[in-house]
Enquirer: 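This is the structure I want to talk about, given as structure tokens.
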Amino acid sequence: MPLIKHPVPPGSKWSYVFGSATLFCLVLQVITGVALSLLYQPSSSEAYKSLQFITNDAAFGNVLRGIHYFGASAMIIMVSIHMMRVYITAAYKYPREMTWISGVILFFMTIAMGFTGQLLRWDSNGVWSSVVAAEQLGRIPFIGKWAARLLLGGDTIGGHSLSRFYSYHVFIIPAIIFLFVGYHLMLVIRNGISEPAKVGQLVDPKTYRAWYKQMLMEKGIPFWPYAAWRDVIFGALTIITIILLAIFIGPPALTGPPNPASLNANPSPDWYMLSIFSLFALMPPKIESYMIIIGPGLTILILLALPFVSNKGERHPIRRPWAVFGSVCVIVFVFSLFLLGERSPWSPAFDAKPLTAKNVHSSDTIVIAGSVLFYKKGCLFCHQINDQGGLKGPELSDVALRLSTGDMTIRIVNGGSNMPAYGGILSKKELNAIVAFLKSRKVK
Amino acid sequence: MNKDDDLKKEPENEQRRSFLIKLSLGLSFLSAAVAGVPVLAAIFAPLIEKTPKLWRKVGELETFKVGTTNLVTFENADPEKWSGVTSKSAAWLRRDEGDKFTAFSANCTHLGCPVRWEADAHLFMCPCHGGVYYKDGSVAAGPPPKALVQYPVRVNKNSIEIQTSAIPITNISA
């Protein structure tokens, strides 16, 4: 029987399309990646110029970059949903343990491809993101500094850095991906796809294979066309969506040139790493250095251990409420961190403008002087006054309603857990002016 | 050749097979090892090659006012010809008094992002996760686990020189 017509369990409907959609995205990434490599110059000094050429001058270059960018995003979304579906329906249980393990490796390789791809966007964001990555590797016990040096190709950013990222992104990680995709697909064919879970239908490693074979003989339907049409339609829609996004939204704009001496950069990762970036801002500093290593290590370990811990028994989500609850928690946690990352309330608002007369709403000269100092001394970077200022600290539009003059003075002079002590920075006159300004803040 | 002859030759064949197995494995290992040396050298070159430490001039003495903190840029110790603009480094240089200078790394000790000197506020601030440092480099707020790293700096005749240094990598116990 031709492979394409191999029998699959009946009832494998739309929830089964995400694995093949990931594969469609991978093929799209390979094709657009090869096309980009014809235009891109993987040299620390020339890459930025070639990116400008691709974006502004090359025929359909901007769309090509856009497809590759949105293709990466779609691949990460699809592989995540696929993994979640497999977990919720316990499709990782016998005899598909190794399919799950190879899938976990492919998931992390996909994330690694996304991140190294972001570094190849060799602008100021790419340069500083690579430093952030090196700092994270630096937290590995004993070999951290060596790992950071290996990533950057030296002890600073330089000529070797981009060559390394190019090699990771174009040769090394894809080779691992091809290897494990082949293995993953081989296992899918050999063990068959999991049948839709049924309440009370337990997986028993002793009898499962015989039962599955019998079930396929009795009820199996040919993969092509009776099951595969959904994969093809969903895959095609995914790719069409990617292309439309590339045309109408386009790739991320390039930031400044890749100059490590230009310090006005504000490095931030692409959306799929934003949740982790947020976590770094919110974690208690005392445990953070440990968690940067322990967190990902533990996650990988748990995911790899999963099919060994539980490879038989119930598969239906209704009989596995903790698995569903855990999945919902992970989704809520990651999505909340993502939304927080979009706002980045912990970052100083360097672009804050001096307070407007409308927001100062006072003719008292000391209050006005205080408002000027509130901006100049950086208070406005972290505190909001009406519609101006940062979000790092509490909003102070009506601070006079909740703090006395003494409380304000103590907090400004001594600082707090997340605020510098201004005692050694402000003169008495400046302190009095700022307090006078804050005392006049009574209306939101 | 009859069956008896075959049996007689069997130990000899076995010896020959054993030799050929060892030879094929040995040659495979040898060729892999020889080919692997330059490959491993390319991979681990950043650990093998030592980067020199050089003094780079960042300006004349009189261009820095006492009490001010300025951004200075200089070239890395060992820039390759194809490095372009990536061979540059930056530091924040303060003239404390007379001939006394302090040079701070521009990398936040949290995750390496570029810290900015806010002159009016007398604070270094990091855009990534809100790390803040006092003017002496000590941590004022936010997640940085330790003070800003300082680079060696000297006055050589009338020139201010900074010693090229690695990007400061914070380790797990910081």
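Each chain gets a letter, A, B and so on, in the order its sequence line appears, and its residues count up from 1.
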Enquirer: Counting heavy-atom pairs closer than 4.5 Å to chain B, which one of A/P285, A/G138, A/A148 comes out on top?
Expert: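 The option with the most such pairs is A/G138.
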Enquirer: Does a side chain donor of either A/R139 or A/S289 reach within less than 3.5 Å of an acceptor in the other side chain?
Expert: yes
Enquirer: Heavy-atom distances under 4.5 Å only: say whether B/W117 touches chain A with side chain, backbone, both or neither.
Expert: neither
Enquirer: Please flag which part of A/A134 lies under 4.5 Å from any non-hydrogen atom of chain B: side chain, backbone, both or neither.
Expert: both
Enquirer: Which bit of A/F277 is near chain B, if near means a heavy-atom gap under 4.5 Å: side chain, backbone, both or neither?
Expert: both
Enquirer: So do B/F64 and B/V72 actually touch side chain to side chain, heavy atoms under 4.5 Å?
Expert: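 Result yes, sub-4.5 Å side-chain heavy-atom pair found.
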Enquirer: For each of A/P284, A/S167, A/P258, A/G153, tally heavy-atom pairs with chain B at distances under 4.5 Å, and name the one with the top tally.
Expert: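 With the most close heavy-atom pairs to chain B, the winner is A/P258.
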Enquirer: Heavy-atom cut-off 4.5 Å, strictly under: side chain, backbone, both or neither for B/A42 against chain A?
Expert: backbone
Enquirer: Would you find a donor on one side and an acceptor on the other, under 3.5 Å apart, between the side chain of A/D123 and the backbone of A/P257?
Expert: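 No, the answer is negative, given that no donor and acceptor are paired below the 3.5 Å cut-off.
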Enquirer: Are side-chain heavy atoms of A/I412 and A/V435 found at a separation under 4.5 Å?
Expert: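 SC-SC contact between A/I412 and A/V435 confirmed.
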Enquirer: So which of B/A45, B/P79, B/G112 has the largest heavy-atom pair count under 4.5 angstrom toward chain A?
Expert: B/G112
Enquirer: Name the member of A/R164, A/M283, A/K286 that forms the most heavy-atom pairs with chain B at distances under 4.5 Å.
Expert: A/R164
Enquirer: Distance only, no hydrogens: is a donor on one side chain within 3.5 Å (strictly under) of an acceptor on the other, for B/Q15 and B/S18?
Expert: no
Enquirer: Any side-chain heavy-atom pair from A/F165 and A/L151 closer than 4.5 angstrom?
Expert: yes
Enquirer: Between A/S129 and A/N125, what is the shortest heavy-atom contact and its length?
Expert: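 Taking A/S129 first and A/N125 second, the nearest heavy atoms are OG-O, 2.7 Å.
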Enquirer: Which bit of A/W146 is near chain B, if near means a heavy-atom gap under 4.5 Å: side chain, backbone, both or neither?
Expert: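 For A/W146, backbone and side chain are both near chain B.
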Enquirer: Taking side chain as everything from C-beta outward and backbone as N, CA, C, O, which of these in B/V115 sits under 4.5 Å from a heavy atom of chain A? Side chain, backbone, both or neither.
Expert: backbone
Enquirer: Report the option among A/H160, A/E46, A/Q136, A/K145 that has the most heavy-atom pairs separated by less than 4.5 Å from atoms of chain B.
Expert: A/H160
Enquirer: What part of B/N76 gets within 4.5 angstrom of chain A, counting heavy atoms only: side chain, backbone, both, or neither?
Expert: side chain
Enquirer: Between B/G84, B/G130, B/A140, which shows the greatest number of heavy-atom pairs under 4.5 Å with chain A?
Expert: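 Looking at each of B/G84, B/G130, B/A140 in turn, B/G130 comes out on top.
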Enquirer: Determine whether A/Y168 and A/I173 make a side-chain contact, defined as any pair of heavy atoms from C-beta on separated by less than 4.5 Å.
Expert: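 Yes, side chains in contact.
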Enquirer: I'd like to know if the side chain of B/R95 reaches the main chain of B/L61, judged simply by a donor and an acceptor atom lying under 3.5 Å from each other, with no hydrogens or angles considered.
Expert: yes
Enquirer: Any non-hydrogen side-chain atom of B/Y133 less than 4.5 Å from a side-chain atom of B/T109?
Expert: yes
Enquirer: Which atoms of A/K392 come close to chain B, meaning under 4.5 Å heavy atom to heavy atom: side chain ones, backbone ones, both, or neither?
Expert: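 Looking at A/K392, just its side chain touches chain B.
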Enquirer: Measure distances from A/I157 to the heavy atoms of chain B and classify the residue's part below 4.5 Å as side chain, backbone, both or neither.
Expert: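 A/I157 touches chain B through backbone and side-chain heavy atoms alike.
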Enquirer: Which atoms of B/F44 come close to chain A, meaning under 4.5 Å heavy atom to heavy atom: side chain ones, backbone ones, both, or neither?
Expert: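 B/F44 touches chain A through backbone and side-chain heavy atoms alike.
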Enquirer: With the side chain counted from C-beta on, respond yes when B/H110 and B/T170 share a heavy-atom pair under 4.5 Å apart, and no when they do not.
Expert: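 Side chain of B/H110 against side chain of B/T170, heavy atoms only: no contact under 4.5 Å found.
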Enquirer: Which region of A/Y422, side chain (C-beta onward) or backbone (N, CA, C, O), has a non-hydrogen atom less than 4.5 Å from a non-hydrogen atom of chain B, or is it both or neither?
Expert: side chain
Enquirer: Is it the backbone or the side chain of A/L373 that comes under 4.5 Å from a heavy atom of chain B, or both, or neither?
Expert: neither
Enquirer: Are more than 12 heavy atoms from other residues, nucleotides or ligands located less than 6.0 Å from atom NZ of A/K376?
Expert: no
Enquirer: Sort out for me which residue in B/R56, B/R154, B/K57 forms a side chain to side chain donor-acceptor pair (under 3.5 Å) with B/E161.
Expert: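 The single option meeting the side chain to side chain donor-acceptor pair (under 3.5 Å) with B/E161 is B/R154.
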Enquirer: Please classify the contact of A/I292 with chain B as side chain, backbone, both or neither, using a heavy-atom distance under 4.5 Å.
Expert: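 The answer is the side chain of A/I292.
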Enquirer: For the candidates A/G154, A/P348, A/P345, which exhibits the highest count of non-hydrogen atom pairs separated by less than 4.5 Å from chain B?
Expert: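 Between A/G154, A/P348, A/P345, the count favours A/P348.
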Enquirer: For B/D78, is it the side chain, the backbone, both, or neither that has a heavy atom closer than 4.5 Å to a heavy atom of chain A?
Expert: neither
Enquirer: Between chain A and each of B/V132, B/T51, B/T73, count heavy-atom pairs under 4.5 Å; write down the option with the most.
Expert: B/T51
Enquirer: A/S371 side chain to A/I368 main-chain N or O, any donor-acceptor pair under 3.5 Å?
Expert: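 Yes.
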Enquirer: Is there a side-chain contact between A/W346 and A/L340 in this structure, where contact means two heavy atoms from C-beta onward sitting under 4.5 Å apart?
Expert: yes
Enquirer: Heavy atoms only, distances under 4.5 angstrom: which of A/G415, A/G378, A/S161, A/A265 has the most pairs with chain B? Name it, please.
Expert: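 Among A/G415, A/G378, A/S161, A/A265, the one with the most close pairs to chain B is A/A265.
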Enquirer: Looking only at heavy atoms and a cut-off of under 4.5 Å, which of B/M125, B/R116, B/H122, B/K135 has the most pairs with chain A?
Expert: B/R116
Enquirer: Considering only heavy atoms, which portion of B/T164 lies under 4.5 Å from any heavy atom of chain A: side chain, backbone, both, or neither?
Expert: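 For B/T164, neither part sits under 4.5 Å from chain A.
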Enquirer: Under 4.5 Å from any heavy atom of chain B, what part of A/S268 do you find: side chain, backbone, both or neither?
Expert: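 A/S268 has no heavy atom closer than 4.5 Å to chain B.
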Enquirer: Parallel, tilted or perpendicular: which describes the rings of A/F280 and B/H129, with under 30° parallel and over 60° perpendicular?
Expert: perpendicular
Enquirer: Quick check for you: among B/P127, B/P168, B/P143, which has the greatest number of heavy-atom pairs under 4.5 Å with chain A?
Expert: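 Top option by heavy-atom pairs under 4.5 Å: B/P127.
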